[in-house]
Number of protein chains: 2
Amino acid sequence: MTASEKPSHHHGNLRSALINAGVQLLSEGGLEALTLRKAASVAGVSHAAPAHHFASLTNLRSAIAAAGFDIFDASMKREIKKVSSSNPSAVIRAACRGYIIFAIDNPALFSLMFGGTELIREEPPLGASSSLAYETLTQICLPYSRDAKSLENMRMLVWSLVHGFTSLMLAQQKNFPSADDAIRQFEEMLPDFSKLQNGE
Amino acid sequence: MTASEKPSHHHGNLRSALINAGVQLLSEGGLEALTLRKAASVAGVSHAAPAHHFASLTNLRSAIAAAGFDIFDASMKREIKKVSSSNPSAVIRAACRGYIIFAIDNPALFSLMFGGTELIREEPPLGASSSLAYETLTQICLPYSRDAKSLENMRMLVWSLVHGFTSLMLAQQKNFPSADDAIRQFEEMLPDFSKLQNGE
DNA sequence: CCTCGATCTAGACACTGTCAAGTTAATTGA
DNA sequence: TCAATTAACTTGACAGTGTCTAGATCGAGG
């Protein structure tokens, strides 16, 4: 949509425009700043236009959360790529760094995804994107699993640890630490954790 | 407030009545069912009455969250009392059971307390109650701490683990498991965790 | 008894999600 | 090519929300 295009009655790509507007509203004003009408306004359409793409606010929130899971998964994968994949423990720690970085960079989005807001989790947009991140978290635990049950336990252990740490960090401090400080604190807590790996 | 008392213009104890009404609304309709006007209605007063006790919805939410932290702390302490206090690891596991039980019994309250809703965390009502629970979590880690730093790491480790597990459980399943099932799943994940205790 | 302050009511305003009806534009089909 | 159909959007309305202002009522202290 360049400036040379004359404004059309049809927006063209309103659905993704509303999602982008929602992400922006979240990052600027927190959870409660995300409203259908504001998103419509930012996207440059009337207040009722979103209804044709999202049946309700819950649907828009779910689509935004799905976009959040994509960013989230990308953040973990980016940090994983930075380290040698031959060291399983380093890979897990890298994923955790990506986890924390995402939350610090997108606290309101993180809250929307995990904070208890009603979302439609099963259907395609959100279900697929969250499964992606789920899969990444499973992959990094594979080296530590002997069977299906130990994999599930390890995955839940790692996920619980990093998710709990991140959630509590966001809930406690009004002014979050920098991502570097948060990661430092997490890894300082973690050394004991490495004992339960079968060897690093 | 018995039925024999004639209704007075003054409610008498509107502040706590609104908090109780809020807890009820949360448990019946989730996060978004908690509104000032509904709480006022449940308490039997006009829509503007709450303003004299809570300057804004955020203040009411904070007071309700404070009440939640009291229940939360009581739930942990109740489980701790059930076990012999001579076994530090058993005490920690008991506290975690209380943590999970509270979340299963009060999912919306849990979301309000930790889910990213804006709250006034420093001031007396919420600040004091959350410090109480914080203190309980610190106490159960004392047997495993050699110094201030190791205590902080252990506390954060335990808290992150149980909080992350609980949050993810509430976020993932629309129909939560029973408290018993959730605790079983948590403790099944935990055995590896016991390795990092200096001895059970 | 009377005053005064605390408590609550009534009304209003802007904002919200959602619905219904109408308008515009793109696409399809003959 | 051009009319008809359908998708996309606008306008208007409604109930519900937080919050403000003004006024009414009650309880306690002088």
Side-chain angles (χ1 to χ4, degrees), chain A residues 1 4-22 24-26 28-65 108 111-112 116-120, chain B residues 1-2 4-26 28-65 108 111-112 116-120:
Chain A
M1 173 150 45
S4 63
E5 295 177 15
K6 60 181 171 185
S8 158
H9 182 76
H10 284 45
H11 181 283
N13 205 354
L14 182 53
R15 185 188 159 87
S16 66
L18 288 169
I19 293 174
N20 292 337
Q24 177 187 335
L25 287 169
L26 277 179
E28 289 174 356
L31 268 185
E32 305 178 5
L34 170 59
T35 71
L36 275 170
R37 290 172 105 106
K38 278 190 209 151
S41 170
V42 169
V45 294
S46 78
H47 68 265
H52 293 264
H53 299 274
F54 303 100
S56 77
L57 176 58
T58 299
N59 292 74
L60 175 59
R61 283 183 175 145
S62 303
I64 292 171
S111 292
L112 179 70
T117 312
E118 190 197 342
L119 297 175
I120 301 161
Chain B
M1 176 151 41
T2 68
S4 63
E5 296 176 16
K6 60 181 173 187
S8 159
H9 181 75
H10 283 48
H11 181 283
N13 205 355
L14 183 53
R15 187 189 158 86
S16 66
L18 289 169
I19 293 174
N20 292 337
V23 171
Q24 176 187 337
L25 287 169
L26 277 179
E28 288 174 357
L31 268 185
E32 304 178 3
L34 170 59
T35 71
L36 275 172
R37 291 171 106 106
K38 279 191 208 149
S41 170
V42 169
V45 293
S46 79
H47 69 267
H52 292 265
H53 299 274
F54 302 102
S56 78
L57 176 59
T58 299
N59 292 72
L60 175 59
R61 284 184 175 144
S62 303
I64 292 172
S111 291
L112 180 69
T117 313
E118 189 197 345
L119 297 175
I120 301 162

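Here is how names work: the chains are called A, B, and so on, in the same order as the sequence lines, proteins then strands, and each is numbered from 1.
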Item to check | For Leu25(A) against Ala33(A), the heavy-atom pair lying closest together | outcome: O-CB, 3.8 Å

Item to check | Side chain Ser62(A), main chain Thr58(A), donor-acceptor under 3.5 Å | outcome: yes

Next on the checklist: Minimum heavy-atom separation for Gly30(B) and Ala108(B), please, with both atom names.
Outcome noted: CA-CB, 3.9 Å

Checklist entry - By a strict heavy-atom criterion of less than 4.0 Å, which residues belonging to residues 29-41 of chain B are in contact with DNA chain C? => result Arg37(B)

Item to check | Evaluation steps, side-chain contact (heavy atoms from CB on, under 4.5 Å), between His53(A) and Leu60(A) | outcome: CA-CA 8 Å; His53(A) 299 274; Leu60(A) 175 59; over 6 Å; no

Checklist entry - Given side chains that start at C-beta, do those of Ile64(B) and Phe54(B) come closer than 4.5 Å, heavy atoms only? => result no

Checklist entry - Can you tell if the side chain of Leu57(B) reaches within under 4.5 Å of the side chain of Thr35(B), non-hydrogen atoms only? => result no

Next on the checklist: Assess, by modelled atom type and distance only, whether the side chains of Ser56(A) and Asn59(A) contain a donor and an acceptor separated by less than 3.5 Å.
Outcome noted: yes

Checklist outcome for this item: Scanning both residues in full, the closest heavy-atom pair of Leu112(A) with Leu119(A) reads O-CD1, 3.4 Å

Checklist outcome for this item: Atom CG of Leu14(A) and atom P of dA25(C) are separated, to the nearest Å, by 16 Å

Checklist outcome for this item: The correct set of residues in residues 43-57 of chain A placing a heavy atom under 4.0 Å from DNA chain C is His47(A), Ala48(A), Ser56(A), Leu57(A)

